[in-house]
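Take a look at the structure set out below.
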Protein chains: 2
Amino acid sequence: MNKNNTTPQRGRPAKSGRDSSQTKQALVQSGVQYFTEFGFASSGIDQILKKVSVPKGSFYHYFASKEAFGIAVIEEYSHYFAKKLDLHLLNETNKPLMRIVNFANDAKEGMARYNFKRGCLIGNLEQEVGLLPESHRLQLLDTFAVWQQKMTCCLQLAQQENTIPASLDCTALASFFWMGWEGSIAKSKLTKNLTPIDTFIDVFLQLIAK
Amino acid sequence: MNKNNTTPQRGRPAKSGRDSSQTKQALVQSGVQYFTEFGFASSGIDQILKKVSVPKGSFYHYFASKEAFGIAVIEEYSHYFAKKLDLHLLNETNKPLMRIVNFANDAKEGMARYNFKRGCLIGNLEQEVGLLPESHRLQLLDTFAVWQQKMTCCLQLAQQENTIPASLDCTALASFFWMGWEGSIAKSKLTKNLTPIDTFIDVFLQLIAK
């Protein structure tokens, strides 16, 4: 994170109406917001603390280190995203490929809601992996592995329903999907519109359709 | 760029065996290296100057502003990459799809040579676009437009040779290619191996093959 900020000191927790676990959770949520918009290197710990009215001095009451904080933030986002994926990809009222479309539509709404300023926390951190602790790199790999597994299952269902060719390797295709997905989210931040995500999803579905 | 660094002051150019234009070019090359490894926000102007033994005081002798420097760096990389693309995609001794494979192999060599630390300067800056001047955002868009045009022509050639289906929109497919490409470069930095790029190229070629 931004080295420009004063290193937080060990101290007492903030006095507020929140209890300790609520404040810890609020800090993690604040971290998720900053990392999703600015990535790791440019997110200042001071801003993250200020956003939830926690004085600098009490950071280490909640987290043993900045690395421990980063781990908690990535874990929070990974958990949130996995739930979102399950919501769509396991929805048995829809055909498998429509579930992918619905997931993309959900993500598109999120991009537009934050005016194309917030992307994907995992994609942001992936891009600056050279600046991250090794623990974060391993966490990002684990997160992608979970997403890939979920997408593989959905594509295998489509294959069982004979919607996509049996010749396709669904594991490789799922890996391919997430690389293109991250690329399309980054491009949407650049163009400030949804065209890249639409192009990605449209072409992907066209290419895999039987 | 990293605000942690002292703002360079206007002053006299460095005394060295280089003339002014050589020093300016060396600074741009140094910028390309740092931006390709660390992106914009985490690249310190001090490091960039130090790398080519230029004293802090003379930065503004070469560039009117940090923004002007960024523009020169992006321009340099875009120019270098466009030449690399032409080298492969216009090579008439190879079939169109083989030209794409050769481009990917060339890029893979570069990734491995720098131990997966350097990615794509354009992809790095795209990811942190919220922190960049508007001039840089427009430059990144222009760069992608040039790459997309070059890839579109190559795919159209493949279409003319009946290697890929006539039903494919080569412009959309080229846009799709670059999104996946950037995603695969980022993923390779994360995994520290070439598997993501190989998966991306293999699946892409499999999906578009007739």
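Computed from a prediction, not measured in an experiment: that's the story for all the values here. Chain identifiers are assigned alphabetically (A, B, ...) following the order of the sequence lines, protein sequences preceding nucleic acid strands; residue numbering begins at 1 within each chain. All heavy atoms count here, side chains included; hydrogens, waters and symmetry mates do not.
- Within residues 140-150 of chain A, the residues having any heavy atom under 4.5 Å from a heavy atom of chain B are, by residue number, L140(A), L141(A), F144(A), Q148(A).
- One distance of note links CD of E128(B) with CD of Q127(A); it measures 8.5 Å at 0.5 Å rounding.
- Close approach to chain A, defined as a heavy atom under 4.5 Å from one of its heavy atoms, is seen in S167(B), L168(B), A172(B), L173(B), S175(B), F176(B), M179(B), G180(B) of residues 163-181 of chain B, taken by number.
- Among C120(B), G123(B), G130(B), the residue with the largest count of heavy-atom pairs under 4.5 Å with chain A is G123(B).
- Proximity to chain B among residues 186-210 of chain A is limited to A186(A), K187(A), K189(A), L190(A), T191(A), K192(A), P196(A), T199(A), F200(A), V203(A), F204(A), Q206(A), L207(A), I208(A), judged by heavy-atom separations below 4.5 angstrom.
- Contacts of residues 75-110 of chain B with chain A at a heavy-atom distance below 4.5 Å are absent; not one residue qualifies.
- Ranked by heavy-atom pairs shorter than 4.5 Å toward chain B, the options L132(A), L125(A), V129(A), L138(A) are led by V129(A).
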